[in-house]
Amino acid sequence: MSNNNRQVLLASRPQGWVTEDNFRIVDAPMPAPDAGEVLVRNEWLSLDPYMRGRMSDAKSYVQPVQIGEVMVGQTAGEVVASRDPAFRRGDKVLAPLGWQLFGVAKGRDLTAIDVARAPASYYLGVLGMPGITAWFGLHEIGRPKPGETLVVSAASGAVGSVVGQLARIAGCRTVGIAGGGTKCDYVVKELGFDACVDHKAGNLAQDLREACTKGVDIDFENVGGAVLDTVLAIMNRSSRVIVCGLISDYNATEPYAYKRLRSVLVNRIHMQGMIVFDWKDRYGEAVAGLSKHLAQGKLKSRESIVEGLDNAPRGLIALLKGENFGKQLVRLV
Ligand SMILES: NC(=O)c1ccc[n+]([C@@H]2O[C@H](COP(=O)([O-])OP(=O)(O)OC[C@H]3O[C@@H](n4cnc5c(N)ncnc54)[C@H](OP(=O)(O)O)[C@@H]3O)[C@@H](O)[C@H]2O)c1
């Protein structure tokens with residue numbers, strides 16, 4: 001085991017698209033745990049679209065990363081030394097330790113994970129924050145009923161792939177929107193969606209209309225912008241829009257100008273933003289439900305893996321450009 005720590009720091013705030021110059025990679029001293037703390041060797045780092053927001057100092061629902069600080073992020077790893085009686089050397093844990101090889105956390109901020117039940121990386125994806133987001137967004141806001149039509153954008157991604165599979169389980173007709181034929185084929189053939197529309201093919205409005213002949217009852221929105229505007233045009237009366245993410249806007253210098261808000265009025269659409277933290281007291285419920293579906297073979301997941309901490313900036317840039325195919329992770333060991 002390496003005894004050196006290494007970290008990726010935020011070097012500057014991006015203007016528009018993130019670049020590798022926005023990060024600085026440094027060697028760092030090995031941290032030592034105080035009473036109540038645990039030293040963790042990170043094995044997996046999750047890369048998530050929200051990280052773009054933390055790099056900026058625009059007002060948001062959480063504080064930004066400061067220049068010179070370690071980039072934030074969730075990790076899965078192994079306990080190396082513990083001064084909290086609840087954890088022992090060798091335990092596998094989820095930790096909020098960010099873009100670094102080793103880190104110290106309070107024991108109360110760690111979650112034990114069972115790697116006999118699923119690989120550690122799954123606790124950052126299908127059984128982790130993205131899966132939990134899909135679970136509560138769909139069930140609590142979408143309230144799917146059998147026979148309804150659900151559309152989900154970024155359908156092959158970490159959140160979208162789970163949303164569509166859960167909607168199928170709930171008896172919905174499930175239509176994905178994804179970028180490119182390969183992702184669309186995967187969504188239909190591997191994940192079992194009823195249809196998938198390629199938003200890069202140039203015919204989104206017509207292709208979506210053909211895939212949703214009875215209109216749309218639930219839109220699980222991960223992308224926003226032109227994609228959301230197009231779906232709004234075919235929403236049914238009393239339909240629901242779960243505003244989970246607006247990734248098409250995260251690197252834009254001007255916000256997208258929506259043209260179809262009239263549909264919200266005319267169709268009495270219930271449109272609600274969601275932040276997964278709002279259900280933090282109930283995460284166990286979602287993980288239990290997701291684990292059950294996974295064990296029964298009803299939930300599949302796919303990972304996009306970047307090798308090594310030094311490649312984490314490249315991984316985040318690829319994710320924001322839609323080059324990932326499944327949950328984006330960095331393998332650290
Ligand atoms: N509200 C919450 O609590 C919460 C929690 C987790 C995630 N989220 C949000 O959920 C969304 C999905 O996150 P994720 O982690 O599952 O990521 P992901 O879907 O695995 O990856 C992002 C995907 O977004 C699509 N995309 C990127 N730029 C796009 C653009 N300009 N136009 C259309 N599609 C674009 C790409 O898919 P295609 O190639 O298929 O277009 C890309 O693969 C994000 O908006 C994220 O911020 C919200």
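Worth saying up front: this structure is predicted, and the values here are computed from it rather than measured. Residues take their numbers from the sequence shown, with the count starting at 1. Both counts, for ligands and for their atoms, begin at 1 and track the order of listing.
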Item to complete: Could you tell me the residue and atom name of the protein heavy atom closest to atom 40 (O) of ligand 1, and the distance to it rounded to 0.1 Å?
Response: Gly179 N, 2.8 Å

Worksheet item: Would you say Leu228 and Ile269 are hydrophobically clustered, going by side-chain heavy atoms of ILVMFWY under 4.5 Å?
Response: yes

Worksheet, complete the sentence: One finds that the ligand 1 atoms under 4.0 Å from a non-hydrogen atom of Asn324 are 18 (P), 20 (O), 21 (O), 42 (C), 43 (O)

Fill in: Donor-acceptor under 3.5 Å (Ser263 side chain, Leu232 main chain)
yes

Worksheet item: Hey, does the side chain of Glu69 reach the backbone of Leu9 with a donor-acceptor pair shorter than 3.5 angstrom?
Response: no

Discussion item. Measuring from atom CZ of Arg54 to atom CG of Leu10, what distance do you get when rounded to the nearest 0.5 angstrom?
Written reply: 12.0 Å

Worksheet item: Does Trp99 reach the side chain of Val72, with side-chain heavy atoms less than 4.5 Å apart?
Response: no

Worksheet item: So, the side chain of Asn311 versus the backbone of Glu307: is there a donor-acceptor pair under 3.5 Å, distance only?
Response: yes

Practice prompt. Considering heavy atoms of the protein only, find what lies nearest to atom 13 (O) of ligand 1 and give residue, atom and distance to 0.1 Å.
Written response: Pro49 CG, 3.6 Å

Fill in: Top protein contact for atom 23 (C) of ligand 1, by heavy-atom distance
Ala154 CB, 3.9 Å

Practice prompt. Check whether the side chains of Arg13 and Asn22 place a donor and an acceptor atom closer than 3.5 Å, and report yes or no.
Written response: no

Item to complete: Name the closest protein heavy atom to atom 45 (O) of ligand 1, giving the residue it belongs to and the distance to 0.1 Å.
Response: Asn222 O, 2.7 Å

Fill in: Under 4.0 Å to a heavy atom of Leu246 - the qualifying atoms of ligand 1, by number
45 (O)

Item to complete: Would you check whether Lys183 has a nitrogen or oxygen atom less than 3.5 angstrom from a nitrogen or oxygen atom of ligand 1?
Response: yes

Worksheet item: Cation-pi between Arg302 and Phe325: NZ/CZ under 6.0 Å from ring centre and within 45° of the ring axis?
Response: yes

Discussion item. Under 4.0 Å between a side-chain nitrogen and a carboxylate oxygen: does that hold for Arg240 and Glu148?
Written reply: yes

Worksheet item: Out of Tyr250, Tyr256, Tyr50, Phe325, who gets a non-hydrogen atom closest to atom 47 (O) of ligand 1?
Response: Tyr250

Throw together a table of side-chain donor-acceptor distances under 3.5 angstrom for residues 134-141, partners on residues two or more places apart or in other chains.
residue : atom : partner : partner atom : Å
His139  : ND1  : Trp135  : O            : 3.1
Glu140  : OE2  : Arg282  : NH2          : 2.9

Worksheet item: Nearest protein heavy-atom contact for atom 41 (O) of ligand 1: which residue, which atom, what distance?
Response: His199 NE2, 2.6 Å

Worksheet entry | Heteroatom distance test (Val159, ligand 1): nitrogen or oxygen, under 3.5 angstrom | yes

Worksheet item: So, is Glu323 polar-close to ligand 1, with some N/O to N/O distance under 3.5 Å?
Response: no

Worksheet item: When you check the side-chain N and O atoms of Lys327 and Ser46, is any donor under 3.5 Å from an acceptor?
Response: yes

Item to complete: Looking only at distances, please establish whether an N/O atom of ligand 1 is found under 3.5 Å from an N/O atom of Met129.
Response: no

Worksheet item: Going by heavy atoms, is Leu320 under 4.0 Å from ligand 1?
Response: yes

Worksheet entry | Short N or O distance, Met274 and ligand 1, threshold 3.5 Å exclusive | yes

Worksheet item: Any luck finding a side-chain donor-acceptor pair between Asn324 and Ser304 under 3.5 Å?
Response: no

Worksheet entry | Side chain Ser248, main chain Val223, donor-acceptor under 3.5 Å | yes

Discussion item. For atom 19 (O) of ligand 1, what's the nearest protein heavy-atom neighbour? Residue, atom name and distance, please.
Written reply: Gly157 CA, 3.3 Å

Discussion item. Suppose we measure from atom 36 (C) of ligand 1 to each protein heavy atom; which comes out shortest, and what is that distance?
Written reply: Gly322 CA, 3.6 Å

Worksheet item: Hey, looking at atom 22 (C) of ligand 1, which of Ile275, Thr133, Ile247 has the closest heavy atom?
Response: Ile247

Worksheet item: What do we get for Lys321 next to ligand 1 when only non-hydrogen atoms under 4.0 Å count, side chain, backbone, both or neither?
Response: neither

Practice prompt. Please indicate whether any nitrogen or oxygen in Val227 is less than 3.5 Å from any nitrogen or oxygen in ligand 1.
Written response: no

Discussion item. Closer than 4.0 Å to some heavy atom of Ala178 - which atoms of ligand 1 meet that?
Written reply: 40 (O)

Item to complete: Would you confirm whether Thr111, through its side chain, and Leu94, through its main-chain N or O, come within 3.5 Å as a donor-acceptor pair?
Response: no

Discussion item. Checking contacts here: is it the side chain or the backbone of Lys327 that comes within 4.0 Å of ligand 1, counting heavy atoms only? Could be both or neither.
Written reply: neither

Practice prompt. Give the numbers and elements of all ligand 1 atoms closer than 4.0 Å to a heavy atom of Leu319.
Written response: 21 (O), 22 (C)

Fill in: Mode of Ser248 contact toward ligand 1 - side chain, backbone, both, neither (heavy atoms, under 4.0 Å)
both

Practice prompt. Using a strict 4.0 Å cut-off to heavy atoms of Gly245, name the atoms of ligand 1 that fall inside it.
Written response: 9 (C), 45 (O)

Worksheet item: Can you tell which of Cys244, Ser46, Ala252 gets a heavy atom nearest to atom 8 (N) of ligand 1?
Response: Cys244

Practice prompt. Check the surroundings of atom CZ in Arg108: do more than 12 heavy atoms from other residues, nucleotides or ligands lie under 6.0 Å from it?
Written response: no

Worksheet item: What do you reckon, is NZ of Lys292 surrounded by more than 12 foreign heavy atoms closer than 6.0 Å?
Response: no

Worksheet item: atom 3 (O) of ligand 1: which protein heavy atom is closest, and how many Å away?
Response: Val276 N, 2.8 Å

Discussion item. Suppose I only count heavy atoms of Val223 and a 4.0 Å limit; which atoms of ligand 1 are within that range?
Written reply: 32 (N), 33 (C), 34 (N)

